[in-house]
There are 2 protein chains.
Amino acid sequence: MGNTVSEAVETRRARIARRQVDKFGERRAELAAAALHTLAELGFARTSLREIAQNSEFSHGVLHYYFSDKADLLTEAVRQFEEICVTRYDELVAAATSADGLRTGFADAMAATLAADARVHRLWYDLRNQSLFDDSFRKDVLELDERRTDMIWRVVDRYAELAGATVTVAPRIAYAMLDGIFEQALLRHLCDDDNAVRDLPAVVANVLTAIIAKA
Amino acid sequence: MGNTVSEAVETRRARIARRQVDKFGERRAELAAAALHTLAELGFARTSLREIAQNSEFSHGVLHYYFSDKADLLTEAVRQFEEICVTRYDELVAAATSADGLRTGFADAMAATLAADARVHRLWYDLRNQSLFDDSFRKDVLELDERRTDMIWRVVDRYAELAGATVTVAPRIAYAMLDGIFEQALLRHLCDDDNAVRDLPAVVANVLTAIIAKA
DNA sequence: CCACCGCCTTGACAGGTGTCAAGTGAAAAC
DNA sequence: GTTTTCACTTGACACCTGTCAAGGCGGTGG
C-alpha cells in the first residue's frame, strides 16, 4: 500500500463504505431481532409488520428500507433464530466423564432450557408447523432439524459409549423421540403446569436408558 | 303412536320441528366440515370465512346465520375433528393374538394413516401449536391429547402383555415418543420424501421393542 | 289470496394488512 | 456554502378480514 493522498482517500472511502455496509447489516440484524421477539410472543399467524416495528425503536416504513419484503424479513429472522436455537449440550458432552453424569446433566439442561426459553422453543415448533402447509421455509426447517438431530445424537452416542453400550435406534429416531418428549413438556409448561419442568429430567433419563443396550 | 287427527297433527308438527332442529344441526355440521376441509388445506393462519364458504355450496353470509362467531365455527369444526381423529387401533388391539402381530399391525396402520390422512394430521399439529400461543383451544387440545395418549397406551400395554414383558416408560412418555416419531415422518412425507411412509413401520416397531423389558 | 317466517344472498362497514411513494432533516461530499 | 446522499417518517393505496343489516325467495299457516 502506498501513501499518496489519493490512496489515503481511497482507504478512507473504503472504510466509510465498509462501515456503512456494517451499519446496514447491523440494522437488519436489529430489526430481525425485533421480528424474532414479536414472533416468539405472538406466533407466525398474528405477527404483522407494524407490530414488529412497534417492538423496535423505528416506524413501520423502515422495514421496507432494509428488507425487500415481509418474507425477506422473516427469512432473516429465522436465520438469526437458527444461531440461537441449535448450539447447546456440546460442552456437556465434552465435560462428561460418566454415563450417569452425562445423563442427568443432559436431562437437567433440557429442563432448564424448557423453563428459560419456552417462547423461543414454541416459535421453533410454529415454524416447523408452518412448513407443513407452506414450502417457503421448508429448506431452512429441514436443515435446522438436521442440525438438531446431530446435536442430540452427539449426546446419545457419547452416553452409550460411556455406558459401554450401543444405541438401539437410529439418530433420527432418537431425535424424534426426545423432541416429542420436549414438545409435550412445552405444552404442559405453557399451560401453567408446574410439573412439566420438574418431571422432565426423570422422563429424559428414562428415555435415554430405554434406547441403549449393553454390548 | 295413536291414530286420531290431533295426534297425527301433533306428531307431524313434532316431526317437522324435529326435522328443523335436525336440519339446523345438519347444516352446522355440513359447514363445520367445510371449515375442517379448508383448515386442513390452508392451516389455521390462512383460513378465512369466505374461503370456508367457497368450499361449501353456500355464500359467506350464511356462516353468521348458523354460527355466532368465527370462534364458534372453528370450535364446532374442532369438535367434529376429534371424532375423526381419535378412534383407531382399537380393533387392532382386540384382534391381536401375538406380540409380533400386534407390533407389525400397529406399525403398518400408522404408516397407512400417515399416507392417507396427512392433511388431517397436520391440522392436528397446527391446532396443538396454536394452543402454545393462544388459550382459546387449550382445553380441547389437552383433552384430545389425553385421549390420544390413552389410545396409544392401550396398544403398548397390550403389546407388552402379549410379549410377556412390562413397559419401561409411563403412558404419557410412550405417547410423546411415538407422536414425535409420527410428526417427524409427517414432515418428511409432506416434503415429498417417499421414504417417510416406507420407513415408518420399521421405526415404530423399533421403538416398541425398545420400551419393553422381559419381566 | 295474503301475511309470515325460515333460509339464504348481497352488499356494505370498519378495521387491519403489506406495500410503496413522497417528503424531512441531518450528515456527507464537493 | 451548496448540493447530494443517507436514514427514516408519514401518509396513502389496494386488498383482505370478521361482522352484520337489508332484502329476496319459497313454502307454510290463516
Side-chain angles (χ1 to χ4, degrees), chain A residues 5-6 8-32 34-35 38-39 42-77 130 134 136, chain B residues 5-6 8-32 34-35 38-39 42-77 130 134 136:
Chain A
V5 172
S6 70
V9 169
E10 272 307 284
T11 56
R12 217 190 77 201
R13 277 192 188 159
R15 210 186 322 146
I16 287 172
R18 171 87 56 90
R19 223 186 100 203
Q20 279 171 351
V21 168
D22 281 349
K23 196 147 199 175
F24 191 81
E26 279 172 23
R27 267 293 133 80
R28 269 179 73 95
E30 187 179 347
L31 291 170
T38 312
L39 285 168
L42 300 178
F44 259 79
R46 275 180 279 280
T47 293
S48 72
L49 293 182
R50 283 168 176 80
E51 193 76 30
I52 293 173
Q54 215 153 8
N55 279 22
S56 77
E57 48 181 345
F58 305 101
S59 72
H60 71 275
V62 82
L63 293 172
H64 273 274
Y65 183 80
Y66 286 99
F67 300 93
S68 66
D69 206 274
K70 187 185 185 183
D72 187 22
L73 167 59
L74 295 191
T75 300
E76 181 69 23
Q130 287 300 315
D134 176 16
S136 358
Chain B
V5 172
S6 71
V9 168
E10 272 308 282
T11 56
R12 217 189 76 202
R13 279 195 186 156
R15 212 186 320 148
I16 288 174
R18 172 87 57 91
R19 224 183 101 203
Q20 281 171 348
V21 168
D22 281 349
K23 198 148 197 175
F24 191 82
E26 278 172 24
R27 270 290 134 82
R28 269 179 72 96
E30 188 179 349
L31 292 170
T38 312
L39 285 169
L42 300 179
F44 258 80
R46 276 179 278 280
T47 294
S48 72
L49 292 181
R50 281 168 177 81
E51 193 77 29
I52 292 172
Q54 214 154 6
N55 279 24
S56 78
E57 49 181 346
F58 304 102
S59 70
H60 71 274
V62 82
L63 293 173
H64 274 276
Y65 184 79
Y66 287 99
F67 300 93
S68 65
D69 206 86
K70 187 185 186 184
D72 187 23
L73 167 57
L74 294 191
T75 300
E76 182 69 22
Q130 287 299 316
D134 177 14
S136 356

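One can place CG of D72(B) at 14 Å from C1' of dT19(D), the figure rounded to the nearest angstrom. Taking atom CG of residue L73(B) and atom C1' of nucleotide dT19(D), one finds them 14 Å apart after rounding to whole Å. Distance, F44(A) CZ to dT17(C) P: 16 Å, rounded to whole Å. Put simply, CD on E26(B) is 18 Å from P on dG6(C), counting in whole angstrom units. The distance between atom CG of L63(B) and atom P of dT10(C), rounded to the nearest whole Å, is 14 Å. For the pair H60(B) NE2 and dT17(D) P, the computed distance is 11 Å after rounding to whole Å. Here dC6(D) presents its P atom at 12 Å from OH of Y66(A), a figure rounded to the nearest Å. The distance between atom CD1 of I52(A) and atom C1' of dG18(C), rounded to the nearest whole Å, is 11 Å.
Closest of all the heavy-atom pairs between T38(B) and I52(B) is OG1-CA, 3.6 Å. Minimum interatomic distance between L31(B) and Y66(B) (heavy atoms only, all atoms of both residues): CD1-CD1, 3.7 Å. For the pair H60(A) and A53(A), the tightest heavy-atom approach, listed with the atom from each and the gap, is CA-CB, 3.4 Å.
When each of dG18(D), dT19(C), dC7(C) is scored by its nearest atom to the side-chain atoms of K70(B), the top-ranked nucleotide is dG18(D).
In terms of phosphate contacts, S48(A) brings no side-chain nitrogen or oxygen within less than 4.0 Å of OP1 or OP2 of dG16(C).
Rounding to the nearest 0.5 angstrom, the gap separating the CG atom in D69(B) from the CG atom in L49(B) is 9.0 Å.
In terms of polar N and O atoms assigned as donor or acceptor, the side chain of R50(A) never comes within less than 3.5 Å of the base of dG16(C) in a complementary pairing.
Residues V62(A) and T47(B) each lie close to DNA chain D; by heavy-atom proximity, the contact nearer the 5' end of the strand is made by V62(A).
F58(A) comes within 4.0 angstrom of the backbone, heavy atoms only, and of no base.
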